[in-house]
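Since the structure comes first, as structure tokens, the remarks are kept for the end.
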Amino acid sequence: MTSYVARRGMHAMLILLGVSLVTFLLMHLTGDPVTLFMPLDASPEDIAVMRSAMGFDRPIMVQYLHFVGDALRGDFGQSLRHRQPALSLVVGRLPATMQLTVLALLLAVVAAVPLGVVSAARRGSGVSFAASLLGLLGQSMPVFWLGIVLILLFSVNLRWLPASGRGSIVHLIMPAVTIGTYSMAMLMRLMRATMMDVLSQDYIRTARAKGISERGVIFKHAMRNAAIPVITVMGLQLGTLLGGAVITETVFAWPGLGRLLIQGFHNRDMAVVQAAVFVMALMIVVANLLADLTYVLCDPRVRYG
Amino acid sequence: MIVILIVAACGPAPSESSPASAELGSEGEIVIAQGVDATTLDPNMHAETPTSNVNVQIYDSLLMRDAEGELQLSLAESYENIDDHTWEFRLRRGVTFHNGERFDAKSVKFTLDRILDPDNQSPQYSHISAISEVEIVDDYTIRMHTRDPFPTLPSQMVARQMVPAGYTGEHGGEHLARNPIGTGPYRFVSWTPDEEIRLRANEEYWRGMPTIRDVVFRVVPETSTRIAELQTGSVDIIVNVPPHQAETLEAGEGTAISRAPSSRAIFVGMVTTEPGPLTDRRVRQALNYGVDVDSIIENVLMGNGVPLAGQPVVDMHHGFSGSLDPYPHDPSRARELLADAGHPGGFSIAMDSPSGRYLMDRETAQAVAGQLEAIDVEVALNVQEWGVYVDKIMSRQLTELFLIGWGNATFDADATMYPWFRSGQQFCYFEDDALDAALDLARETMDMDVRQDRYIEIMQLLHEEAPWIFLHQQMDIYGISDRIEWNARPDELIHAYEARLRADD
């Protein structure tokens, strides 16, 4: 188990290094931070003076190696626009994003698991039909559109909820629902499908034949087996949720990591983008590792050596 | 030649200002929602309008612009041109920073020197890099020496906001950026990044106590959300209302619209410095006749634009010619000119446009392309994200036609004309020896009236040469709540000091 985690840790390091290289190259290939920073009418001489003061006149690989060297010591550099260490900017936005994604994932799981189980157990019922419809809608509504519709309905027309911003718990409702809907639909459909699959297995028939109550069959025998793929996908969903956070945070003016990243990208603020992408990649890697380790709890046959 | 500028004293004297507000004290709160947060509250280290909007409440400059865009005195009491290479400013006495520090010549020298030091990496550096030395004459007199004659130096002093030398020197720029101290009408209270910035009235403000006590800047990036916040009464001023939403807010209960033509000209640039049809003046004129600017303003901008008057600058710029008119929409004249130029069947050409940078930029480019097709000019349009576009601009990789906007907040023609029409400049795609000589002369002329005459001749020449497809002057659209009185300004700035709460609220 320990050596497994250590091996996975090594993989994670390589992944993070790869992500940082790709981010670095893409940023440099698509725009010049110095010309975006200066007014358009700055003279070439003035731009050259500024480029050298910022260190962007060095060869690109030299810049990258400097960046990696500093990053290993925990220094992601200074944001050009905010004039603060990039990592502290990112860490400052992290709580808001975590609050949103964790609540969204919680909402998604709490709604998806029972709905998926019931609609699998009662195929053809009204609940099952409603769940299918919800699954279809939830996965096909764009996050952006859903957010705006919720604002128009609950803020502008009904005046029940604040349209945007962060403050009390009511500010969280619409963004969390917006961001969690897709994951909810996806997890619900998966839960339903795997449950249906499990319920048609021989050992379920055997369990029923032994006279175990339907409740016992579903909760003790079927759900535990159906949970494994759902847990895997939950781990992967964190990536989707963080991606959704970029859009949702913009729609609801939520002061999180996603917005910092978008703004940093528009300005080609290298340090901020690197630090934000690094932290997001780290979160996804850790979440997947946790999902893998959870299998042990669900399935006694799984052992990592 | 020594030219002395005498500028009428502006604004009320500090002691006798608005007695009503002095009795009542500042009251109430306004909330302003912008699309992005301020990046720094160090006013010398940014070049962004949303950041300026916060900083103009906290800081003052030597000069300012009034609501009509006219240059007025602020922290300067007077200024004059000692010789072609020297400007002298006399400073207002008795002004203190929010921490009690005295405003004097040291503050001015400290502020300008920190912008001029390349190690500080200020994006305002290029605006004043022509200043070679800032000299303190006495406590309240400062001289700026320039390498070349710099007639537009005063307009550059509008956005150079003064910071306290002692405080900034002691704590450093990074501290100032988070804990700003200025001489302005509002003091800094708190900043929650990407959420809100809170300011409170500076009751000792030298121009008189602000009427509104609290000013809150909120960050609401999504346009539809900003509009929803205005409609629900949570905010009082919102920026960048899209044209198709303006009518809804105008008609809506509790909301209104305030518009101002900005200093930004939107046009299609033409590369005439490479071989191709655009080297022929008749072709360039034909393209101007072929585009229906009124229809673009009417249908794409929903009326939120003013046609350019057949010249690169707008009427708020010194050097604008009042005797020129926009090119009319005349497709048959356009076809005639094309035939004369040897293109009876038209030609094909490529056009670049940014997306999301200017009001309806992509849609405008599409309309231009569509209209040119009617005169048999086949346009291959290529729309790009702004970061990519800037790269193409700076490396001069733009296609033969390119849509762009040029904001000129100096309110002087030079800041448009020199970069765009002086051979060898970054944006110059139209080269002409006579024009070069005329522009150099205008640039070095310190007498504003003589400059005006020189620019009028230049505008006439450019009207005929038609080096751009002249489109329109952009209109800035703000949504405001009925509980306040406030008017949009031509410089894209929001001064909370100019806003009032309505009495019946």
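Chain letters run A, B, ... following the sequence lines, proteins first, then strands; residues in each count from 1.
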| said: Quick check on Gln124(B) against chain A: is it the side chain, the backbone, both or neither that has a heavy atom closer than 4.5 Å? | reply: neither
| task | With a 4.5 Å cut-off on heavy-atom pairs, point out which of Ala53(A), Ser164(A), Gly167(A), Ser52(A) contacts chain B the most. | result | Ser164(A)
| field | Distance-only side-chain donor-acceptor flag, Ser263(B) / Asn408(B), under 3.5 Å | value | no
| query | Considering only heavy atoms, which portion of Arg166(A) lies under 4.5 Å from any heavy atom of chain B: side chain, backbone, both, or neither? | reply | both
| task | Step through it carefully: locate the ring centre of Trp468(B), locate the ring centre of Phe402(B), and say whether they are under 6.0 Å apart. | result | no
| Top of Thr51(B), Thr40(B), Asn120(B), Val390(B) for chain A proximity - count of heavy-atom pairs under 4.5 angstrom | Val390(B)
| Glu174(B) versus chain A, heavy atoms under 4.5 Å apart: side chain, backbone, both or neither? | side chain
| task | Answer yes if the ring centres of Phe427(B) and Trp406(B) are under 6.0 angstrom apart, and no otherwise. | result | yes
| task | May I ask you to check whether Asp412(B) and Thr152(B) show a side-chain donor-acceptor distance below 3.5 Å? | result | no
| request: Heavy-atom distances under 4.5 Å only: say whether Met50(A) touches chain B with side chain, backbone, both or neither. | output: side chain
| query | Is it the backbone or the side chain of Val36(B) that comes under 4.5 Å from a heavy atom of chain A, or both, or neither? | reply | side chain
| task | Kindly indicate whether a cation-pi arrangement holds for Arg443(B) with Tyr418(B), taking the cut-offs as under 6.0 Å to the six-membered ring centre and within 45° of the axis. | result | yes
| request: Please flag which part of Arg81(A) lies under 4.5 Å from any non-hydrogen atom of chain B: side chain, backbone, both or neither. | output: both
| task | Please look at Leu152(A) and chain B and tell me whether the side chain, the backbone, both or neither of the residue comes under 4.5 angstrom of a heavy atom of that chain. | result | neither
| said: Can you tell me which portion of Glu385(B) sits under 4.5 Å from chain A's heavy atoms? Options are side chain, backbone, both or neither. | reply: side chain
| field | Lys/Arg cation over aromatic Phe265(A): Arg268(A), 6.0 Å, 45° cone | value | yes
| field | salt_bridge(Glu29(B), Arg198(B)) N-O dist < 4.0 Å | value | yes
| said: Heavy-atom pairs under 4.5 Å with chain A: which of Pro419(B), Ala177(B), Ala47(B), Pro193(B) has the most? | reply: Pro193(B)
| Does NZ or CZ of Arg178(B) fall inside the cone over Trp191(B)'s six-membered ring, less than 6.0 Å from its centre and within 45° of the axis? | yes
| remark: From the list His46(B), Gln425(B), Glu229(B), Glu196(B), the residue making the most non-hydrogen contacts under 4.5 Å with chain A is Glu229(B)
| message | Does either side chain, that of Asn44(B) or that of Ser122(B), offer a donor lying less than 3.5 Å from an acceptor on the other one? | response | no
| Cationic N near anionic O, under 4.0 Å, Arg218(B) to Asp37(B) | no
| note | Turns out that what part of Thr232(B) lies under 4.5 Å from chain A's heavy atoms comes down to both
| remark: Honestly, the part of Arg226(B) sitting under 4.5 Å from a heavy atom of chain A is neither
| note | Counting heavy-atom pairs under 4.5 angstrom with chain B, the leader among Glu249(A), His266(A), Gln84(A), Glu45(A) is Gln84(A)
